[in-house]
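Here is the structure we will look at, set down as structure tokens.
Proteins come first, then strands; the chains are lettered A, B, ... in the order of their sequence lines, and each starts at number 1.
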Amino acid sequence: MINIISWNVNSIRARLEHFATLAREINPDVILLQETKVQDIHFPREAIEDLGYNIFIHGEKSYNGVAILSRGPMEDFKKHLPGDEDDIQSRYAECITTIKGRTIRVASVYVPNGTAVKSDRFPYKLKFFERLHAHFNELQAYDEVFIAGGDYNVAPENIDVYSPEQLEGQLGFHIEERKRFRTILTGGIHDSYRTMHPNTQAYSWWDYRSSGWAHNKGMRIDHLLVSSQACDIMTEAGMHPEFRAMERASDHVPIYCKLKA
DNA sequence: ATGGCCGTTACGAACGGA
């Protein structure tokens, strides 16, 4: 079995202990990180290599930052999502890795939050979805086992939030975001969790503010999107909510999907 | 409730997160 994790760590340096717990107890083959919040020169490379991972990082100071960690060899590295040459934020990393003899294309994705629906950063978020759709469409031609995990900052359906009535039109649940996310899920890209669990309510994020965790007011905004070729060999998908209950937790939990080796 | 908490930067208070 091949276990692939996506996790918005909200600072890799602040989350190193929890990361070590994930590596030792869950033992994922591939980990896709978001919000590492660190320049490449300050990434805790040794600590993570000592836990048995090869590292591909794309970071910046203070904000954003993505990484791909793999038990196997990696090649064909990409750091830029096509469609906007002026976009210099560290929100995308992609490579090919080989695990237990199976070659997989993986991507770590950090979709812009958008700040507020009326903010000028909201159109940047919408455009980012459109760029993802265009790029995933290009990749479709390769017929590969492809997995794009990340913080997509959108809950796709009513079942994915604690209160659809309360959140309608709000950031992360606005119809324009959901429409664009839905558009990505056409032509052979699938939401791994929803494919495996059509009717289960489960969240990947709970707000630090308003004691979101204590009241179970969460949203499913982290996703592992998979190509049809990956879907065909997928055996499991789920979340690790126990990571939200820990001291000094990230506001997001690791999400996983498993493939036949 | 345009709030609450958390991490980063830089050393107080602002920014971003969703």
Side-chain angles (χ1 to χ4, degrees), chain A residues 6-20 32-44 47 57-67 87-92 108-129 132 149-181 201-223 239 241 243-255:
Chain A
S6 176
W7 190 18
N8 179 325
V9 285
N10 184 18
S11 170
I12 185 60
R13 289 179 292 185
R15 222 62 62 205
L16 255 189
E17 273 192 42
H18 292 353
F19 179 88
L32 308 166
L33 297 179
Q34 301 87 38
E35 279 210 88
T36 52
K37 290 188 171 179
V38 63
Q39 288 171 286
D40 293 354
I41 48 165
H42 296 130
F43 191 89
I57 47 180
H58 180 199
E60 63 179 87
K61 192 174 183 178
S62 302
Y63 303 116
N64 312 317
V66 288
D87 184 4
I88 53 159
Q89 298 187 19
S90 304
R91 298 182 174 277
Y92 190 81
S108 183
V109 179
Y110 181 41
V111 172
N113 161 289
T115 305
V117 171
K118 290 184 175 171
S119 147
D120 56 4
R121 293 204 189 90
F122 193 66
Y124 169 54
K125 179 178 192 176
L126 299 182
K127 187 177 178 188
F128 199 91
F129 283 122
L132 281 174
D151 176 0
Y152 286 80
N153 266 320
V154 65
E157 305 292 341
N158 286 354
I159 192 176
D160 298 313
V161 299
Y162 62 89
S163 172
E165 297 79 16
Q166 210 173 316
L167 292 170
E168 181 62 47
Q170 302 292 310
L171 197 67
F173 199 58
H174 191 280
I175 192 62
E176 292 302 323
E177 303 169 54
R178 292 157 67 194
K179 279 164 71 173
R180 278 161 184 80
F181 185 76
Q201 187 162 46
Y203 306 137
S204 66
W205 170 86
W206 294 258
D207 205 336
Y208 285 129
R209 297 163 290 192
S210 66
S211 307
W213 173 249
H215 300 119
N216 195 27
K217 288 170 122 182
M219 296 170 73
R220 192 174 71 93
I221 57 175
D222 299 86
H223 310 288
M239 328 297 195
F243 280 79
R244 188 64 179 83
M246 295 173 178
E247 290 293 318
R248 280 170 50 85
S250 169
D251 44 353
H252 299 251
V253 296
I255 63 170

(message) Salt bridge check, E168(A) against R178(A): does any charged N sit closer than 4.0 Å to a carboxylate O?
(response) yes

(message) Need one value for D222(A): base, sugar-phosphate or nothing, where a base atom within 4.0 Å counts as base even if backbone is also close, heavy atoms only.
(response) nothing

(request) Looking at every strand, decide which applies to D207(A) at a 4.0 Å heavy-atom threshold: base, sugar-phosphate, or nothing. (result) nothing

(message) Classify Y110(A) by what it touches in the nucleic acid, base, sugar-phosphate, or nothing, heavy-atom distance under 4.0 Å.
(response) sugar-phosphate

(request) Classify the nucleic acid contact of R220(A) as base, sugar-phosphate or nothing, counting any heavy atom under 4.0 Å across all strands shown. (result) nothing

(request) Write down the distance separating the P atoms in dG4(B) and dG16(B), rounded off to the nearest Å. (result) 16 Å

(message) Nearest heavy atom decides the nucleotide; on that basis, is S211(A) or R13(A) closer to the 5' end of DNA chain B?
(response) S211(A)

(message) Please classify the nucleic acid contact of H252(A) as base, sugar-phosphate, or nothing, using heavy-atom distances under 4.0 Å.
(response) sugar-phosphate

(request) Using the C1' atom on both, measure dG3(B) against dG17(B) and round to a whole Å. (result) 15 Å

(message) Between N113(A) and K125(A), is there a side-chain donor-acceptor contact under 3.5 Å, judged purely by atom types and distance?
(response) no

(message) Using the C1' atom as the point on both nucleotides, what is the distance between dG12(B) and dG7(B), in whole Å?
(response) 16 Å

(request) Name the nucleic acid region contacted by Q170(A), choosing base, sugar-phosphate or nothing; use a 4.0 angstrom heavy-atom cut-off, strictly under. (result) nothing

